[in-house]
2 protein chains.
Amino acid sequence: MKIRIAKSVLVEAVAQVSKAVSQKTTIPVLTGMKAIADQEGLLLTGSNSDITIQVRIPHVKEDQEQVFVEQTGSVVIPGKIFGEMVRKLPGEYVEWEVNERYQITIQSGSTEFQLHGFNPDEYPRLPRLSADQVFSIPADELRSLIRQTGFSVATNEARGVLTGVLWQLENGVLTCVATDSHRLSRRLIPTPNTGQLSLDNVILPGKSMSELAKTFADDEDSVEIVVADHQLLVKNEHIEFYSRLLDGTYPDTNRVIPQCGDTELITSTRELLQSVERASLISRDGRDNVIKWTMSDDTVEVTSVSQDVGSVTEEVKARVKGNALGISFNARYMIEALRSIESDEIRIQFTGTMTPFIIQPADRDDTLHLIVPIRTR
Amino acid sequence: MKIRIAKSVLVEAVAQVSKAVSQKTTIPVLTGMKAIADQEGLLLTGSNSDITIQVRIPHVKEDQEQVFVEQTGSVVIPGKIFGEMVRKLPGEYVEWEVNERYQITIQSGSTEFQLHGFNPDEYPRLPRLSADQVFSIPADELRSLIRQTGFSVATNEARGVLTGVLWQLENGVLTCVATDSHRLSRRLIPTPNTGQLSLDNVILPGKSMSELAKTFADDEDSVEIVVADHQLLVKNEHIEFYSRLLDGTYPDTNRVIPQCGDTELITSTRELLQSVERASLISRDGRDNVIKWTMSDDTVEVTSVSQDVGSVTEEVKARVKGNALGISFNARYMIEALRSIESDEIRIQFTGTMTPFIIQPADRDDTLHLIVPIRTR
């Protein structure tokens, strides 16, 4: 293998692939990045036990030559050092040569690195996914989907499927659901042109979700999503992101979501968020981070009391319909839900002091957060 | 105590004082911040076992009323929560009231916090320093002094006085020296008008040095420095920074600094730094982070070899006078020295392969770094 490549292009591709490279593993070859130089350009792959990221650098992009392949070939290059090295190289171009014993020479400006590579045949093969179950959504929608649900997954590995996000596709609507059994987040996205395609019980690990959000740019270009038995693949023209899926059956969450409320609260997302953040300063050291809301006609009174620290009380202006109500809950759950909402106003619906309540942007109902209240004295 | 204070002013003062507040301590009152409201305004104090920071907020600043004291008094307020709380308060002004049981009420906008305070009589008293040994330097010189020496202190607590920076004042020149016995940094600053004042063996802990650099703004206003037996005080009109001094006798470092060189190297600080940073990618996992320089007429060849990782070699253009020379040293020491130098060009003087060498900005000799080479095969 012998190539010449624009440094800026290589830096960007290596930064993408690095996110999937294992830092600690008992399999040395997985700490490396696989490089294949062929007639089309350079293909870089990084992989760990959860995800695989593959980036293709085409020979030419927008009439500019990005990579010139003098001799095809492949190698696995040590990942951590390579990632830092390419950023620090002095020249505009990088010459990259590999000999038959997988000794790698990287040359740029007057700098020459020699690195010990691995035999690429030792690198695990990517799964081949059948292209049966395929649909596409804009990349920015994918990112907002993740941002608005990912924080609600259970973080304790022992919780099984609840550490993942459920993906369902039915009647042209993609639904993502995450819950740790104390709170739940759900987001719907219309997916026209999905025809008869229907998906159920596709469970993506929470960690893969956050890496996925970082992998694709925040723009309106579509990404293609391919679902197989144990893998999900998200790709565009240059990047392929594979994640394993979680085994098991996700619980039916529809029956825990109340369909209507006896008390409805509409107010400013930002003002309510800030009041909860302040109250949380008092409650956060307690076991459940409990704060209390007491609703009257035109205000929510936010209070929190801690024997050790002290107390806080304040009022937030709001439009309240229905029965007056007092309710206690975990401030962190509320903060995370409110921070994920982009609308200026929110609507919260309650059915009682001890039943789950629902938080939604006031101007749309494709997004829903549910919090289970806490019984207090 | 009962005061009304502009929030922005309080936020800034609390951020300053917070740096000295103990996070973990067996003395609960030290986790707090002492507040004294008197006729002149508000005085805030934070303290830990090393340093004390005191900030005065005067009643009026530039004809603007900053703090209005309705009732004088004092209290110790829980430090951590107070620091975060003031930033999050909703109003432009903060009302702060303390009752006779040290219960604190903080009110701003519609928010009201109640906090449990401590009896201010339990708070340790500040040392009173006699004003015998006093001089002053511009705050930006103080910061550059710290930035250019602080990194060379020993970090292992067992190294005693070497964990501190030596301050010496003689013949109108302030000299700061730090060494961990493998490298040394020295910076001189002229201090006119210090008359007969002479200081020796004043040793400021390395940690206090870095906090000190963060405390005063990077401007030309002077700060006053007061030296007593076991304390050093740096102050301006509103801020007082106290640090304990280290006991013990600092070694005489003058005799380890060679007075002339057989080989002299002059080159670009930035290009040399970048080449050492690249070479360090190969050497950093080794025990001593060893890289090698080989000097010829107009280049320095930078090399590093690691059995596990590979090797690097590159050439940096330089003006070399005197004997050709090869020398090995710890790359981290060189990186830290070169990063602290602001001049575009540096001068390095060598007396031999196994003797300490000296790094200086090419255009000034008030700054000096020394590195002890490493014997290699």
Side-chain angles (χ1 to χ4, degrees), chain A residues 28 31 77-91 102-117 268 270-285 299-317 335, chain B residues 28 31 77-91 102-117 268 270-285 299-317 335:
Chain A
T31 63
I77 189 163
K80 183 155 176 276
I81 189 172
F82 187 56
E84 292 175 75
M85 200 179 87
V86 291
R87 270 186 319 212
K88 291 183 193 254
L89 288 174
Y102 308 111
Q103 291 300 304
I104 302 161
T105 306
I106 301 281
Q107 202 255 309
S108 180
S110 83
T111 305
E112 186 179 295
F113 279 93
Q114 304 272 357
L115 297 178
H116 309 318
S268 151
R270 185 165 156 272
E271 280 178 33
L272 194 66
L273 171 59
Q274 290 178 343
S275 74
V276 175
E277 286 176 337
R278 282 188 286 267
S280 167
L281 292 175
I282 297 291
S283 59
R284 65 183 174 189
D285 294 330
T299 54
V300 187
E301 190 195 51
V302 182
T303 53
S304 175
V305 180
S306 148
Q307 209 142 32
D308 293 342
V309 187
S311 64
V312 60
T313 170
E314 72 174 274
E315 288 187 348
V316 178
K317 288 212 186 328
I335 290 171
Chain B
T31 62
I77 189 162
K80 183 156 176 275
I81 187 171
F82 187 56
E84 292 176 75
M85 200 178 86
V86 292
R87 270 186 318 206
K88 290 183 191 253
L89 288 174
Y102 308 111
Q103 291 300 305
I104 302 160
T105 306
I106 302 281
Q107 201 256 310
S108 181
S110 83
T111 305
E112 185 178 296
F113 279 93
Q114 305 273 356
L115 297 177
H116 309 318
S268 151
R270 186 165 154 272
E271 280 177 33
L272 194 65
L273 171 59
Q274 290 177 345
S275 74
V276 175
E277 285 175 338
R278 282 188 287 268
S280 167
L281 292 175
I282 297 291
S283 59
R284 65 182 172 189
D285 293 331
T299 53
V300 187
E301 190 195 50
V302 183
T303 52
S304 176
V305 181
S306 149
Q307 210 143 31
D308 294 340
V309 187
S311 64
V312 60
T313 170
E314 72 175 275
E315 288 187 348
V316 178
K317 289 211 184 332
I335 289 171

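Throughout, a chain's letter reflects where its sequence line sits, starting with A, and its residues are numbered from 1.
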Original post:
By a 4.5 Å heavy-atom criterion (distance strictly below it), what part of A:Ser306 contacts chain B: side chain, backbone, both, or neither?
Top reply: backbone
Subject >> chain A interface, residue from B:Asp285, B:Leu281, B:Ile104 that has the most non-hydrogen pairs under 4.5 Å >> reply: B:Leu281
Subject >> Donor-acceptor under 3.5 Å (A:Ser110 side chain, B:Glu315 main chain) >> reply: yes
Original post:
Yes or no on salt bridge (Lys or Arg N to Asp or Glu O under 4.0 Å) for B:Glu84 and A:Arg284, after CA distance, side-chain angles and deciding distance?
Top reply: CA-CA 13 Å; B:Glu84 292 176 75; A:Arg284 65 183 174 189; 2.8 Å; yes
Original post:
Counting only heavy atoms not in A:Gln103, do more than 12 sit closer than 6.0 Å to its CD atom?
Top reply: yes
**OP:** Answer yes when B:Glu277 and A:Arg87 have at least one side-chain N-carboxylate O distance shorter than 4.0 Å, and no when they do not.
**Re:** no
Subject >> Partner chain A: residue of B:Val312, B:Leu115, B:Val305, B:Asp308 with the largest heavy-atom pair count (under 4.5 Å) >> reply: B:Val312
**OP:** Could you look at A:Glu301 and say if it's the side chain, the backbone, both or neither that has a heavy atom under 4.5 Å from chain B?
**Re:** neither
Original post:
If you take all heavy atoms of B:Leu89 and A:Arg278, which pair is closest and at what distance?
Top reply: C-NH1, 4.1 Å
Original post:
Looking at B:Lys80, B:His116, B:Gln107, B:Met85, which one has more heavy-atom pairs under 4.5 Å with chain A than the rest?
Top reply: B:His116
**OP:** Could you walk me through whether A:Val302 and B:Thr111 pass the side-chain contact (heavy atoms from CB on, under 4.5 Å) test, one step at a time?
**Re:** CA-CA 9 Å; A:Val302 182; B:Thr111 305; over 6 Å; no
